[in-house]
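One structure is given below, encoded as structure tokens.
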Amino acid sequence: MSGSKALGGGAGSGARRRRTRCRRCQACMRTECGECHFCKDMKKFGGPGRMKQSCLQRQCTAPVLPHTAVCFACGEAGKEDTVDSEEEKFSLCLMECTICNEIIHPSCLKMGKADGIINDEIPNCWECPKCHKEGKTSKVRVRDAPRLACARGGAKGSRGNKIRNSKNQNQRTSVSSSSSSIPTSNGGGMASSGLLMSAMAASPCQPSRLAPRSQMMKRSPPAVPSPPRPVQMERHLVRPPPACPEPSCLLLDCGSAHIMTRDAWLRVFTYLSQRELCVCMRVCRTWSRWCCDKRLWTQMDLSRQRSITPPMLSGIIRRQPVSLNLGHTNISKKQLMWLINRLPGLLELDVSGCPWTSVSALCQAVCPCLKLLDLSRVEDLKDSHLRELLAPPPDESRAGRFQNMTELRLAGLDLTDAASRLLVRHTPHLTRLDLSHCVNITDQTVRNLTVSPLRESLTHINLAGCVKLTEQSVQLLQCCSALQTVDLRSCSLLSAESGQLLSFPFHSCVESKLLLHSSFDSEINISIYKVQQ
DNA sequence: ATTAACGTATCA
DNA sequence: TGATACGTTAAT
């Protein structure tokens, strides 16, 4: 059956309108990847065209009401473009209720608009005052979660179907995640709502109430107390915020705009820690939006968090970091897969100290942008796993999935010399390589690296604690023309003199330092640094 | 008329 | 329960 027949039983507004692309978000602006499951199904990519789904990289983050949508009360379209103030714009835009599906101008409501609960993640989406007053909120939240969540679809069919529908929705934003709801660390599927980042200690409020709307400078609690959180929280689609969160200024009680514009506030916010940003998010709805600006969250560090929770995951997606540290967490495979597939702009990922059973999620990920991957001390990571991770899938003759990686950290792994051949073959742009404390690698690894094109690109190499390395390695490293830093500390077979063999060949090298120190009486540690002016 | 793809039914 | 199929809607 089609979604068009999805009538709100007792909902009053009739057929639910199907949402459509905004055509403006980053996802909408992308071209089809041609590689994902859904692209491969498309006729244009040689598939049968049965699935009829959009490319996974092109999942709209802000699906809009169709432009044929009209107000249930007055029959007219959205008229927000005819006015200037935020307040008036809201009154005259079309809002779709996630519970009864009714689309209406808030100004056309007889009962007043202040008790509606706006869904910040999707344009023109709220729980209308009528439904809210009738107390439908929490019950519906559990059972009709799909519609609440993604503002698409949702026939009033059987309960089971509704749950499954939500899954379909979420699958659209993942490549191969087996779970659509936000996964819990134990692999379960329970999700929670909101932007909360409990990992960041402070919990930003869910700024979804209308009532404090005209008093945004005040730190005020929500005017309407939140309904008690249901035991099973809704599953929903997590969307990143727009690139420049609206509005552009704060409105004061008198109706004029506060002298500090969004851009000015954003400059102030750049001086705050992530913890402080979370506090600011509780001030008001506008600040909450502004503080979600991804420019404030380019780096997110959740390392050593005891558990990675669904709110943390949605918080990460909302902020779209460029650099993400998940080192030494208990993140599950499902969670990692869910995350990675929703962070198309991720450049740096740290999963050091996590179990390979979780990290193996990367084997199914599409992250062509990734520049830095830290796999140090990943539990049970072997050569074969590295091959699985770096090599292209067997059915494709194309390049590996980390072709553009420039920095790889493999410290403390149980790798052999075979691993270096994988690096040479599948990470051709590597400039920084950390193999420290890989105690099984030998001179052969250094030979493999230095006879390959990597010889020209490697600038930093860490071989500290590789106890099988001999002076041969030191000699081999001499032919690396771009090398700036070599760490050979704790290589117990190397003598102080062998360090001197490493004469840096580049002209820019003004000084090479040979640091000798001894952390253990029985061991000579050599560290050689090139110091550039 | 054509294309894209949403939302739900159904399969495995 | 995840994967797949497909009628139908929205845009052009």
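Residue numbers start from 1 in every chain, and the chains themselves are labelled A, B, ... in the order their sequence lines are given, proteins ahead of strands.
The closest side-chain donor-acceptor pair between A:E348 and A:S323 falls under 3.5 angstrom. Counting only N and O atoms by type, the side chains of A:D350 and A:S352 include a donor and acceptor under 3.5 Å apart.
One atom, CG of A:L65, and another, P of B:dC6, lie 14 Å apart when rounded to the nearest Å. The interatomic distance linking A:K40 (NZ) with C:dA5 (P) rounds to 15 Å, in whole Å. Between the CD atom of A:Q53 and the P atom of C:dG7 there is a distance of 14 Å, rounded to whole Å. For the pair A:R17 CZ and C:dT8 P, the interatomic distance rounds to 16 Å; values are reported in whole Å. Rounded to whole Å, atom C1' of C:dT1 lies 9 Å from atom NZ of A:K334. Separating the NZ atom of A:K43 from the P atom of C:dC6 is a distance of 11 Å, rounded to the nearest angstrom. As rounded to whole Å, 11 Å separates atom C1' of C:dC6 from atom CE of A:M51. Atom CE in A:M337 sits about 13 Å away from atom C1' in C:dG2, given to the nearest Å.
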Please list, one pair per line, the donor and acceptor atoms closer than 3.5 Å that link side chains of residues 62-79 of chain A to other protein atoms, with sequence neighbours excluded.
from, atom 1, to, atom 2, distance (Å)
A:T68, OG1, A:R17, NH2, 2.6
A:E76, OE1, A:K79, NZ, 3.4

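Where A:D41 and A:T68 each meet DNA chain C at their nearest nucleotide, the meeting point lying more 5' is that of A:D41. Mapping A:R50 and A:R23 onto DNA chain C by nearest heavy atom places A:R50 closer to the 5' end of the strand.
When every heavy atom of A:L343 is checked against every heavy atom of A:P321, the shortest pair comes out as CD2-CD, 3.9 Å. Closest approach of A:K89 and A:V83 over heavy atoms only: NZ-O, 3.2 Å.
Although no hydrogens or angles enter the test, the distance criterion places a donor-acceptor pair under 3.5 Å between the side chain of A:R21 and the main chain of A:R58.
OP1 or OP2 of C:dA11 has at least one side-chain nitrogen or oxygen of A:H67 nearer than 4.0 Å.
Ring orientation note: the planes of A:W356 and A:H385 are close to parallel, at an angle under 30° on the 30°/60° scale.
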Within the sub-3.5 Å range, which N or O atoms of nucleotides 1-4 of chain B have a protein N or O partner, and how far apart are they?
none

